[in-house]
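In listed order, ligands and their atoms are each counted from 1.
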Amino acid sequence: MTHIPAITGTGVFTPSQTITNAELVAAFNAYAERFNAENAEAIAAGEVEAKAPSSEEFIVKASGIEQRYVMDKSGVLDPARMYPALRQRSDDEPGIMTEMGADAARKALARAGREGHDVDLVICAASNMERAYPAVAIELQKELGCTGFAFDMNVACSSATFGIQAAADMIRAGSVRRALVIDPEICSGHLEWRDRDCHFIFGDVATATLIERADDAKGARFDILSTRCATEFSNNIRNNNGFLRRSRPDGVADRRDMQFMQNGRKVFKEVVPMVGQHILDHLAAEGVEPEALKRLWLHQANKSMNDFIGRKVLGRPPEPEEQPNILQDYANTSSAGSIIAFSKHSDDLGEGDLGLICSFGAGYSVGSVLVQRHL
Ligand code: COA
């Protein structure tokens, strides 16, 4: 017997600290001035390229981002540092990803009227894991009092939807009864804050999605009608950090490629058509007309990107409420973005309404989840 999986609760952990574009640009420009002064001779000799300043106008126009939340702003905004300063934790206390993820998960459980011990699968699906092992998901399982088993998975910005597919398939097959997909994203850790081409892109957050059998739901739910995942290799978004770092020449040096790198223009041009077609193919396979969608909760990387995708899917510019953006407040939070949009902008849907969650990013990867509201 197969079971219909349903989303019965979501939760968002939002860090307490924000960085506005004005604060970000002031810190970057102070860093750039400092760099240029320190390297004045080499710059004059043409050996080093001078750093150009950043601007608030460019950031808003190019991305739609107005501010971002972070776990630590002091380190990021220190022109002599330019990355977060996090306290060292002992091995006997929960890690920072567990702390953030558990907060989001408790909110998701509360919305569904459930407790940790009701859950028998925890997937920690995120772009980066704070350590190699033991799995962050297993620490989350312990912290939340969940039973069963837990594992980590990483599909960059698509981690949440790929995690939802994995959990939904297991619920459908009966191998688990209730699953939490948790996405703690500390993007401030992998962002290169010293590069003006990308220093404005990311923010920190954690999201959680509780998935159970539709028959078990205590309140309103979103049935997961179907999921679709796709990948296609690309070097246009890449980070070379990894466990072999110290074994390679200059591996532990302060290298640009050990943080997030992207060819933003190419990403924009290649990913927009890929995602638009992916969604149209997914809907066609399910016999759903695009006009039947009440809402699109898209990955939150860039406002124009979302505008293009929405237009391709609906055949007309989407109304703001049909395709809510949260990136102006949160920036790109990797896999968590589409789940924040879903969590904050889905309670108003009515009985039978259809919607689609879609994430996309490095890999390339794209994942979509077709859902139907039941009250
Ligand atoms: N302030 C001022 N000017 C800046 C700047 C900044 N912070 N950063 C770059 N510029 C300049 C560039 O140097 C360039 O100058 P040039 O024309 O003289 O060469 C110009 O502004 C345009 O830069 P470009 O990088 O081509 O801008 P863009 O319009 O492509 O926007 C992104 C950049 C990153 C916002 C955009 O490409 C994007 O969102 N891409 C997809 C990103 C994405 O989704 N990534 C997924 C990550 S998971």
Side-chain angles (χ1 to χ4, degrees), residues 19-33 35 49-68 76 82 125-128 154-162 183 185-205 231-232 234-239 256 259-276 278 298-310 325-328 330-341 358-367:
I19 299 179
T20 63
N21 285 349
E23 289 175 296
L24 183 78
V25 166
F28 178 88
N29 290 349
Y31 156 75
E33 266 178 42
F35 176 93
E49 204 177 321
K51 299 255 179 218
S54 183
S55 95
E56 287 178 64
E57 298 71 34
F58 172 85
I59 294 171
V60 174
K61 192 164 159 280
S63 69
I65 296 165
E66 293 166 22
Q67 63 156 41
R68 68 284 297 140
V76 166
M82 303 292 278
S127 289
N128 294 282
N154 173 357
V155 201
C157 290
S158 295
S159 300
T161 51
F162 278 55
D183 324 292
E185 293 285 8
I186 312 180
C187 301
S188 58
H190 80 170
L191 178 56
E192 182 50 271
W193 299 90
R194 297 170 297 182
D195 181 347
R196 80 166 184 161
D197 288 343
C198 67
H199 76 122
F200 53 89
I201 287 182
F202 287 111
D204 301 339
V205 83
T231 50
E232 203 178 299
S234 167
N235 269 326
N236 286 327
I237 312 172
R238 191 170 170 114
N239 181 336
R256 178 65 190 87
Q259 283 75 244
F260 166 88
M261 297 185 295
Q262 78 165 347
N263 191 334
R265 278 271 159 100
K266 276 201 177 151
V267 172
F268 198 108
K269 275 205 191 112
E270 293 172 7
V271 169
V272 166
M274 179 181 170
V275 172
H278 176 94
L298 296 182
H299 175 48
Q300 301 287 312
N302 180 295
K303 184 174 181 306
S304 320
M305 238 172 154
N306 284 4
D307 290 346
F308 276 116
I309 293 167
N325 282 326
I326 54 86
L327 61 84
Q328 62 282 2
Y330 282 86
N332 181 345
T333 50
S334 196
S335 75
S338 58
I339 306 299
I340 306 174
C358 183
S359 64
F360 44 86
Y364 296 133
S365 57
V366 48

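When only non-hydrogen protein atoms are considered, atom 36 (C) of ligand 1 lies nearest to N302 ND2, 4.0 Å. In terms of protein heavy atoms, atom 3 (N) of ligand 1 is closest to R196 NH1, 3.3 Å.
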Side chain to side chain donor-acceptor pair (under 3.5 Å) evaluation trace for S365 with S158: CA-CA 6 Å; S365 57; S158 295; 2.8 Å; yes

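For the residue pair S359/S338, the side-chain donor-acceptor check at 3.5 Å is not satisfied. A side-chain donor from one of S127 and S334 sits under 3.5 Å from a side-chain acceptor of the other. With hydrogens and angles left out, the side-chain atoms of E270 and Y364 include a donor and acceptor closer than 3.5 Å.
Within a 4.0 Å radius of atom 31 (O) of ligand 1, the protein contributes at least one heavy atom. Remark: atom 14 (C) of ligand 1 lies closer than 4.0 Å to no protein heavy atom. When distances from atom 8 (N) of ligand 1 to the protein are checked, a heavy atom turns up under 4.0 Å. For atom 48 (S) of ligand 1, the protein comes within 4.0 Å by at least one heavy atom. The presence of a protein heavy atom under 4.0 Å from atom 17 (O) of ligand 1 is ruled out.
Ring orientation note: the planes of F260 and H190 are tilted relative to one another, at an angle of 30° to 60°.
Looking only at distances, a side-chain donor or acceptor of N306 sits under 3.5 Å from a matching main-chain atom of H299. Listed for the N302 side chain is no donor-acceptor partner under 3.5 Å among the backbone atoms of G64. Proximity of a side-chain donor or acceptor of R68 to a complementary backbone N or O of F200 within less than 3.5 Å is detected.
Taking both residues in full, the closest heavy atoms of V366 and F162 are given as O-CE1, 3.5 Å, listed atom of the first, atom of the second, then distance.
Side-chain atoms of R194 and F35, non-hydrogen and from C-beta on, never get closer than 4.5 Å to each other.
Of the polar atoms of G264, at least one N or O is found under 3.5 Å from an N or O of ligand 1, judged by distance alone.
Heavy-atom contacts of S55 reach the following atoms of ligand 1: 1 (N), 2 (C) (cutoff under 4.0 Å). Per-residue contacts place N332 under 4.0 angstrom from the following atoms of ligand 1 (heavy atoms of the residue considered): 47 (C), 48 (S). Near A301, meaning under 4.0 Å from one of its heavy atoms, ligand 1 places the atoms 44 (O). Interface atoms of ligand 1 facing C157, defined by a heavy-atom separation under 4.0 Å, are 48 (S). Contact atoms of ligand 1 toward Q262: 34 (C), 42 (C), 43 (C), 45 (N), 46 (C), 47 (C) (distance under 4.0 Å to a heavy atom of the residue).
Checking R265, Q300, E270 against atom 29 (O) of ligand 1, the nearest heavy atom belongs to R265. For atom 23 (O) of ligand 1, the nearest non-hydrogen atom from the set F28, F260, F58 comes from F58.
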